[in-house]
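Beneath this line is the structure, given in structure tokens, with notes to follow.
Computed from heavy atoms alone, side chains included, the values below leave out hydrogens, waters and symmetry copies. These numbers were taken from a predicted model, which means no experiment stands behind them. All residue numbers refer to positions in the sequence shown, counting from 1.
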Amino acid sequence: YIKIVLFSLLMVPFCLNASVAARLPLEPQLKKTPAEREDKLKPGIINGIQEAISPSVLEEDEDWNATPEKPTPPIARDFKEMSSSIKQAMEKQNFKLGDHPYSLQGLPIAYTSKTTGFNLGTRISLADLKTEDPYTFLFSFQFWQTDRGAKNHQISLDVPELFSKHWRLKLTYTYPEVIDNNYFGLGNKSVYNQDFITPGNPNFISRNYYQYIFVYPRFTIDLSYKFFRERLSLYGGIGIDKGTIHPINKDSTSKIYTEQPYGYNGGKTNYIKIGLKFDSRDYPMNPTKGFVVAATYTDHVKFMGSDFNYVNIDLTYMGFFAFLNYFVLSHRVMIDQALGNNLPFFALAEFNSYNNYQGLGGEDTLRGAPTFRYIDNLKFINQLELRTRFYNGVVFGQHMELFLVPYWDFGKVWDRYKKINFEDLHHTVGNEFRFTWNTTFIASFTMGFSKDNFATYLSFGESFD
């Protein structure tokens with residue numbers, strides 16, 4: 001609850017542009033932005049009702065229709081002056097370098113957590129908007145650290161048109177140091193007994209019985225080539241990483257120390273991947289229609305420096321269906337098979353698609369369940385979201401969209417494909433509050449429920465990408 005309250009308070013300065021912001025450029029661009037597309041200009045539920053009842057105050061004349069008989073009320077005059085001052089301050093943030101307009105967004109991160117302590121950081125994105133489908137390039141930086149030593153730092157550069165409109169390059173470096181990573185064992189029957197971690201319970205073992213410290217820095221290079229009317233992509237990439245594991249307790253009060261699963265000593269899982277993707281989405285960030293189908297082969301081979309030799313075969317589907325102006329039904333299905341004789345346990349939690357996702361459990365898949373709740377060689381996830389846009393408009397020159405996103409996730413794991421069945425699937429449900437800022441900046445606050453847990457997440461970017 002503390003997280004929810006703090007996040008709500010942070011929204012106030014955010015909407016008033018207390019953090020750095022820049023307006024979308026007013027001059028025509030080489031390509032239209034989603035805000036300029038007809039389907040993106042449909043109002044949200046709230047401002048749609050307001051516009052249907054009465055004209056917007058912003059559309060009234062300069063004096064707010066004041067007449068000598070009806071002078072402008074002092075409160076309205078003060079509010080108008082305050083609004084004008086804020087707007088002028090925001091306009092000063094807009095800037096150009098040469099002929100290129102730029103958009104700069106940022107959001108502070110500050111909240112408390114029982115396990116990680118006080119979280120403090122920031123997320124900043126800089127986009128070159130000379131071309132806006134979706135941008136010429138996007139640079140993102142995230143600094144995220146806690147007073148107990150947890151870290152989640154990220155740097156990324158996305159160039160959708162590297163040499164031409166056919167080539168795309170993405171560079172990413174992440175440095176997560178997770179002080180409350182979970183290990184429950186392998187398979188669907190792995191046990192999460194809260195009695196073991198509840199002080200005062202007769203079966204209490206330790207608050208950190210299921211947890212360990214996991215450091216997993218990774219650098220990735222992804223390159224794709226688009227053809228067939230830019231719908232089909234052939235992509236490849238490399239990843240260089242190293243996992244390091246530190247048990248919190250080195251005795252019987254630690255599950256991972258007691259069992260020491262294969263990969264307990266950590267190591268490198270460097271890889272090379274190749275895949276094929278068909279993408280008919282109208283826009284990659286907050287799409288309203290279209291679908292994606294992708295097949296990915298990832299090989300963790302010794303010549304790349306990997307300490308483990310195994311492969312991943314991944315199939316991914318995503319679909320987006322808009323209806324009644326305000327709603328988008330989003331659907332994602334992923335299945336990932338890991339093959340090999342020396343599979344580290346911490347690699348059994350990844351979906352190795354054209355992007356890498358964690359599961360089952362956590363902020364990517366089976367949201368609401370503890371992170372890495374179910375892991376095994378073969379993983380399946382099905383996710384449904386109803387993206388309900390209740391506001392779509394301009395706030396002090398900034399294009400803003402607000403969403404409520406109820407969702408339902410379910411999935412399962414197996415050790416091999418011959419054992420696949422869809423009985424006793426694991427389910428989670430929840431809701432997400434999401435906002436987009438000038439199209440390129442997306443932040444989400446998610447609450448999820450499972451049979452084991454209630455969890456909250458703060459994340460950035462398109463969730464189905």
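- The aromatic ring centroids of Y235 and Y225 lie 6.0 Å or more from each other.
- Pairs engaging residues 333-347 under the side chain to side chain donor-acceptor pair (under 3.5 Å) rule: N312-D336 [sequence neighbours left out].
- Every residue two or more places apart in sequence or in another chain that forms a side chain to side chain contact (heavy atoms under 4.5 Å, CB included) with Q194 is listed here: Y192, T198.
- When each of E432, E462, E401 is checked for a salt bridge (charged side-chain N to carboxylate O under 4.0 Å, His left out) with R387, only E462 meets the rule.
- Residues Y210 and N181 have side chains that never bring a donor and an acceptor to within less than 3.5 angstrom of each other.
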Exercise. Take L138 and S125, measure what side chain to side chain contact (heavy atoms under 4.5 Å, CB included) needs, and give me the verdict at the end.
Key: CA-CA 7 Å; L138 175 67; S125 293; 4.0 Å; yes
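- By the 30° and 60° cut-offs, the orientation of the rings of F327 relative to F323 is parallel.
- In this model, a donor atom of one side chain and an acceptor atom of the other lie less than 3.5 Å apart for T269 and D241.
- A side-chain donor-acceptor contact under 3.5 Å links S190 and R373.
- The aromatic rings of F291 and F278 lie tilted to each other, with the angle between the two planes from 30° to 60°.
- For the residue pair E259 and Y183, a side-chain donor N or O sits within less than 3.5 Å of a side-chain acceptor on the partner.
- No donor-acceptor distance shorter than 3.5 angstrom exists from the side chain of H331 to the backbone of F320, with no hydrogens or angles considered.
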Exercise. Step by step, work out the side chain to side chain contact (heavy atoms under 4.5 Å, CB included) result for K379 and F351.
Key: CA-CA 8 Å; K379 299 170 288 295; F351 288 86; 3.5 Å; yes
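- With hydrogens and angles left out, the side-chain atoms of S353 and T316 include a donor and acceptor closer than 3.5 Å.
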Exercise. Apply side chain to side chain contact (heavy atoms under 4.5 Å, CB included) to the pair T116 and D180, showing each step before the final yes or no.
Key: CA-CA 7 Å; T116 61; D180 58 347; 3.8 Å; yes
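- One finds the CG atom of N208 at 4.0 Å from the CD1 atom of I248 (value rounded to the nearest 0.5 Å).
- A donor-acceptor pair is defined here as one N or O able to donate and one able to accept, closer than 3.5 Å; no such pair exists between the side chain of D282 and the backbone of P287.
- Aromatic rings from Y374 and F184 are positioned such that their centres are separated by 6.0 Å or more.
- Taking the side chain to side chain contact (heavy atoms under 4.5 Å, CB included) definition, one finds that K250 meets it with P247, Y257, sequence neighbours left out.
- Between F410 and W408, the ring centre distance stays below 6.0 Å.
- Aromatic pair Y216/F346: ring centres closer than 6.0 Å.
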